[in-house]
**Student:** 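Provided herewith is a single structure, encoded as structure tokens, for subsequent inquiry.
Below, chains carry the letters A, B, ... as their sequence lines are ordered, and counting in each starts from 1. When reading the values below, keep in mind they use all heavy atoms of this one structure, side chains included, and skip hydrogens, waters and symmetry mates.
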Number of protein chains: 2
Amino acid sequence: MMGVTIKDIAKQAGVSPATVSRVLANKAGFFGAQTAQKVRQTAKELGYRKNTAATELVTQRSHDLAVIVNTTKTNFATQIIEGIQATAFPADLNVIILYAGDGDAERQRRALETVIERSVRGILLLSVDLAPENLALLQSTEIPYCFLSISFEGPKMPFITSDDWQVGYQATKYLLERGHRRIGLAAVDTQVSITGQLREAGYRQALAEAGITPRPTWIHPGDYSYPAGQAAMQAYGAHPDVTAVLAGSDLAGIGVMNQARMLGLMVPVDLSVMSIDGTDLCDIVQPQLTSLTQSFYDMGVAGVNRMLATETPQQQRFTPIQVVARDSVVDFVART
Amino acid sequence: MMGVTIKDIAKQAGVSPATVSRVLANKAGFFGAQTAQKVRQTAKELGYRKNTAATELVTQRSHDLAVIVNTTKTNFATQIIEGIQATAFPADLNVIILYAGDGDAERQRRALETVIERSVRGILLLSVDLAPENLALLQSTEIPYCFLSISFEGPKMPFITSDDWQVGYQATKYLLERGHRRIGLAAVDTQVSITGQLREAGYRQALAEAGITPRPTWIHPGDYSYPAGQAAMQAYGAHPDVTAVLAGSDLAGIGVMNQARMLGLMVPVDLSVMSIDGTDLCDIVQPQLTSLTQSFYDMGVAGVNRMLATETPQQQRFTPIQVVARDSVVDFVART
DNA sequence: ATCGGTTTTGTAAGCGATTACTAAATTGAA
DNA sequence: TTCAATTTAGTAATCGCTTACAAAACCGAT
């Protein structure tokens with residue numbers, strides 16, 4: 001049952017356990033060349049496997065970086081994770097990913113406790129909206145953490161995300177520049193999440209600067225999902241009061257487009273659709289979705305770098321956004 | 001820096017560390033009610049956090065189930081993971097997910113070593129094609145493991161997946177039943193992977209039973225990706241020799257459809273397209289993709305159950321497949 | 001030969017929990 | 001009241017590794 005320990009290697013190689021430990025941990029300058037050779041040799045022969053639990057117990061430090069993702073449904077998470085992987089790997093950090101059920105506080109707690117009790121090196125939370133008690137739990141530890149792709153009011157929470165006000169503002173601005181004046185906002189959570197509120201505020205500001213006051217029917221809040229996009233479009237109806245719709249996510253944008261088709265509307269001829277996110281999905285749907293693209297990969301990179309940094313840099317940081325024009329938005333032309 | 005230990009609690013509560021351990025680990029029947037009360041109380045007051053490393057060191061057992069995924073790109077992985085989560089959670093197993101770069105043996109090794117050195121309870125590998133040395137590494141441990149959504153020749157490797165021969169056979173059969181006789185096979189890896197070879201064999205058998213011998217141009221191998229689907233369709237050309245195409249994955253199927261559109265072909269009027277997998281993607285594209293749908297969620301469930309089982313059940317198991325008709329396949333009607 | 005300095009190695013004390021073993025306290029029956 | 005059985009609690013060893021400290025071993029220079 002039990003495996004090979006450094007003592008076994010020590011005995012076999014005729015050295016002390018301390019020496020074995022030093023060689024295997026590569027504490028350069030603390031052992032001779034031929035000793036190292038012999039130790040490594042016997043370690044391999046014996047099929048030695050380090051016991052991480054023992055190491056972490058004594059060093060009080062792990063080489064693991066934990067990533068907690070809210071749900072498997074967020075498709076941009078993979079891009080962030082790729083950025084995380086690419087940055088963590090060379091830094092000799094192992095990335096472990098845990099899913100916390102969407103709004104499930106119990107699962108959040110389990111995921112958090114799992115990584116906290118392991119004393120991971122850092123915790124990155126991908127658009128996780130933590131329940132208050134779980135936030136307290138997270139903050140009660142010494143473990144550095146950073147939220148990704150989600151923002152908070154006030155200066156105390158560390159996060160890296162897009163400037164959501166700018167997201168709403170720039171996207172709306174783009175649609176205005178294309179001649180649209182009656183612009184819808186769909187499947188954005190304007191009720192509870194700060195993200196959604198900021199996006200709506202940016203949207204309203206852009207409209208205001210163009211001298212436009214959005215009618216209540218233009219805004220159909222939702223949870224960024226595909227059904228939310230469908231529902232919003234269903235509400236706009238077959239003769240929408242808007243000529244363009246800004247959707248809260250790519251999936252929501254696709255929901256809007258498909259529902260529009262169901263209603264007999266051609267995108268982009270009868271209705272322009274723009275989505276927020278800019279994931280691969282935009283390229284594979286027809287027509288290809290024009291998007292306000294976020295820098296998800298960069299978020300992952302920046303998140304890991306923050307965990308790596310010894311002194312804490314600025315608490316909050318924004319990653320770039322840009323409009324990527326594809327085929328779902330066209331210049332508005334008045335119908336006769 | 002350092003945290004609260006059971007000794008601190010013991011001192012504070014006026015009991016021995018052993019008692020604290022028993023209470024906190026809920027070793028029922030080994031402590032009095034009021035003692036338990038007091039211990040739990042002080043543990044909470046002191047903000048105690050269990051040290052998993054210490055526990056695992058002495059118990060030689062972890063509560064973690066490791067899932068190793070080949071790449072972030074496989075979109076069906078999320079379904080499997082959901083099945084895993086749903087089954088592991090009630091069984092008091094924590095699921096940790098690690099990505100191993102697609103074909104990158106080095107990253108595979110890192111991921112494997114990470115979980116092996118932690119003595120996780122079990123390892124589930126999602127369509128990971130392990131390099132030989134890494135397979136040896138995996139097998140050199142006592143840790144139970146099981147491959148998901150990938151198969152192997154011979155009876156020695158434990159896996160749970162769809163019967164890939166049936167996948168090819170059933171899908172092709174379905175297209176034959178819809179009147180098609182010239183059927184393409186696209187973006188399936190018929191070169192190196194056993195999965196692809198089985199699918200092709202099933203495809204050929206179904207055709208053979210209908211008295212058809214596929215022409216070489218009908219089969220365009222690929223890596224199941226979107227570009228592979230595009231490339232295959234590009235090769236079929238604007239006047240394809242086939243009336244229906246079976247694509248290796250949903251993304252590949254979408255690639256086929258989009259490329260067909262580029263070539264001026266209408267799906268499904270000019271060409272029927274069927275994909276293998278049946279993920280959410282099928283429902284959000286236009287036209288909705290008819291698919292040979294796999295039971296990914298069930299694979300996850302079955303995988304966890306196998307890790308949970310004490311006595312090893314059958315090594316290899318197939319999960320159900322079914323044809324889900326949507327809009328991308330229509331009955332073949334000869335053109336005039 | 002002696003000495004300070006550098007490498008290299010060994011000894012032993014933990015890290016924080018679990019648990020076998022022992023012992024005290026409590027209980028109930030005779 | 002006494003004794004055996006049962007609960008409840010304590011003592012101390014242990015898991016496998018790291019590392020402070022001490023001690024050889026080796027070096028050239030005096």
Side-chain angles (χ1 to χ4, degrees), chain A residues 1-40 42-43 46-64 113-114 116-120 141-142, chain B residues 1-40 42-43 46-64 113-114 116-120 141-142:
Chain A
M1 181 63 207
M2 260 333 305
V4 181
T5 73
I6 57 170
K7 277 191 186 168
D8 300 324
I9 299 175
K11 202 169 301 175
Q12 182 80 11
V15 297
S16 75
T19 299
V20 176
S21 171
R22 287 190 271 251
V23 170
L24 263 27
N26 247 301
K27 292 255 174 287
F30 284 93
F31 51 79
Q34 67 275 44
T35 316
Q37 173 62 28
K38 187 168 45 180
V39 167
R40 280 193 258 263
T42 48
L46 266 38
Y48 170 76
R49 295 264 125 237
K50 141 189 274 218
N51 182 323
T52 305
T55 302
E56 290 184 355
L57 179 57
V58 49
T59 62
Q60 306 283 350
R61 155 163 283 222
S62 129
H63 279 167
D64 291 355
E113 280 188 344
T114 301
I116 288 173
E117 290 171 355
R118 281 195 172 295
S119 309
V120 295
T141 74
E142 304 274 311
Chain B
M1 180 63 205
M2 260 330 306
V4 182
T5 74
I6 57 169
K7 277 189 185 169
D8 301 324
I9 299 175
K11 201 169 301 174
Q12 182 80 12
V15 298
S16 75
T19 299
V20 176
S21 172
R22 288 191 271 251
V23 170
L24 263 27
N26 246 302
K27 293 253 173 287
F30 284 92
F31 49 81
Q34 67 274 41
T35 316
Q37 173 64 26
K38 187 168 43 180
V39 167
R40 280 193 256 265
T42 48
L46 267 39
Y48 170 75
R49 294 265 125 237
K50 142 189 274 216
N51 183 323
T52 304
T55 302
E56 290 184 356
L57 178 57
V58 50
T59 61
Q60 306 283 351
R61 155 163 281 224
S62 134
H63 280 168
D64 291 354
E113 281 188 344
T114 301
I116 289 173
E117 291 172 355
R118 281 195 172 293
S119 308
V120 295
T141 73
E142 304 274 311

**Student:** Take B:E56 and A:R118, measure what salt bridge (Lys or Arg N to Asp or Glu O under 4.0 Å) needs, and give me the verdict at the end.
**Tutor:** CA-CA 10 Å; B:E56 290 184 356; A:R118 281 195 172 295; 2.8 Å; yes
**Student:** What are the two closest heavy atoms between A:R22 and A:F31, and how far apart are they?
**Tutor:**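 For A:R22 and A:F31, the tightest heavy-atom pair comes out as O-CE2, 3.5 Å.
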**Student:** Can you see which heavy atom on B:L57 is nearest to which on A:A53, and at what distance?
**Tutor:**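 It is N-CB, 3.9 Å.
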**Student:** List the atom of A:T35, the atom of A:V15, and the distance in Å for their closest heavy-atom pair.
**Tutor:**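 For A:T35 versus A:V15, the nearest heavy atoms are CG2-CG1, 4.0 Å.
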**Student:** Pick base, sugar-phosphate or nothing for A:T59, based on heavy-atom distances below 4.0 Å to the nucleic acid.
**Tutor:**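 Sugar-phosphate, backbone atoms only, no base.
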**Student:** Can you measure B:R49 atom CZ to C:dC15 atom C1' for me and round it to whole angstrom units?
**Tutor:**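 Taking atom C1' of C:dC15 as the reference, CZ of B:R49 is at 19 Å.
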**Student:** Please state how far atom NZ in A:K11 lies from atom P in D:dG16, giving the value in whole angstrom units.
**Tutor:**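 It works out to 12 Å between those atoms.
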**Student:** Expressed as a whole number of angstroms, how long is the span from B:R118:CZ to D:dC15:P?
**Tutor:**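 It works out to 21 Å between those atoms.
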**Student:** Does either side chain, that of B:T19 or that of B:S16, offer a donor lying less than 3.5 Å from an acceptor on the other one?
**Tutor:**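 Checked: B:T19/B:S16 side chains pair up, N/O donor to acceptor below 3.5 Å.
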**Student:** For C:dT18, take OP1 and OP2 only and decide whether either is under 4.0 Å from a side-chain N or O of B:Q60.
**Tutor:**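 Answer no for this pair, as no side-chain N or O of B:Q60 is under 4.0 Å from OP1 or OP2.
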**Student:** Given atom CG of B:L57 and atom C1' of C:dC15, what is their separation to the nearest angstrom?
**Tutor:**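 Computing the B:L57:CG to C:dC15:C1' distance gives 9 Å.
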**Student:** Please identify each residue that fulfils side chain to side chain donor-acceptor pair (under 3.5 Å) with A:Q37, with sequence neighbours left out.
**Tutor:**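 Partners of A:Q37 by the side chain to side chain donor-acceptor pair (under 3.5 Å) criterion come out as none, since no residue qualifies.
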**Student:** Flag the pair B:E117 and A:K50 as a salt bridge only when some basic side-chain nitrogen lies within less than 4.0 angstrom of an acidic carboxylate oxygen.
**Tutor:**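 No, B:E117 and A:K50 are not salt-bridged.
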**Student:** Rounded to the nearest Å, what distance is computed from the CD atom of residue A:E117 to the C1' atom of nucleotide C:dA17?
**Tutor:**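 About 12 Å, once rounded to whole Å.
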**Student:** Rounded to whole angstroms, how far apart are CG on B:N51 and P on D:dG16?
**Tutor:**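 Distance, rounded to whole Å: 16 Å.
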**Student:** Rounded to the nearest angstrom, tell me the gap between atom NZ in B:K50 and atom P in C:dC15.
**Tutor:**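 For the pair B:K50 NZ and C:dC15 P, the rounded distance is 19 Å.
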**Student:** Touch check for A:K7, heavy atoms < 4.0 angstrom, all strands: base, sugar-phosphate only, or nothing?
**Tutor:**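 No contact at all - A:K7 keeps every heavy atom at 4.0 Å or more from the nucleic acid.
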**Student:** Rounded off to whole Å, could you give me the CD1-to-P distance for the A:I9 and C:dG10 pair?
**Tutor:**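 Whole-Å distance recorded here is 14 Å.
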**Student:** May I ask you to say what B:T55 touches in the nucleic acid, namely base, sugar-phosphate or nothing, with a heavy-atom cut-off under 4.0 Å?
**Tutor:**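 Sugar-phosphate, no base atom in range.
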**Student:** Please encode protein proximity along nucleotides 6-12 of chain D as a string of B, S and -, counting only heavy-atom distances under 4.0 Å.
**Tutor:** --SBBB-
**Student:** With a 4.0 Å limit, can you tell me whether A:K27 has a side-chain N or O closer than that to the phosphate oxygens OP1/OP2 of D:dT19?
**Tutor:**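 It does, given that an N or O in the side chain of A:K27 lies less than 4.0 Å from OP1 or OP2 of D:dT19.
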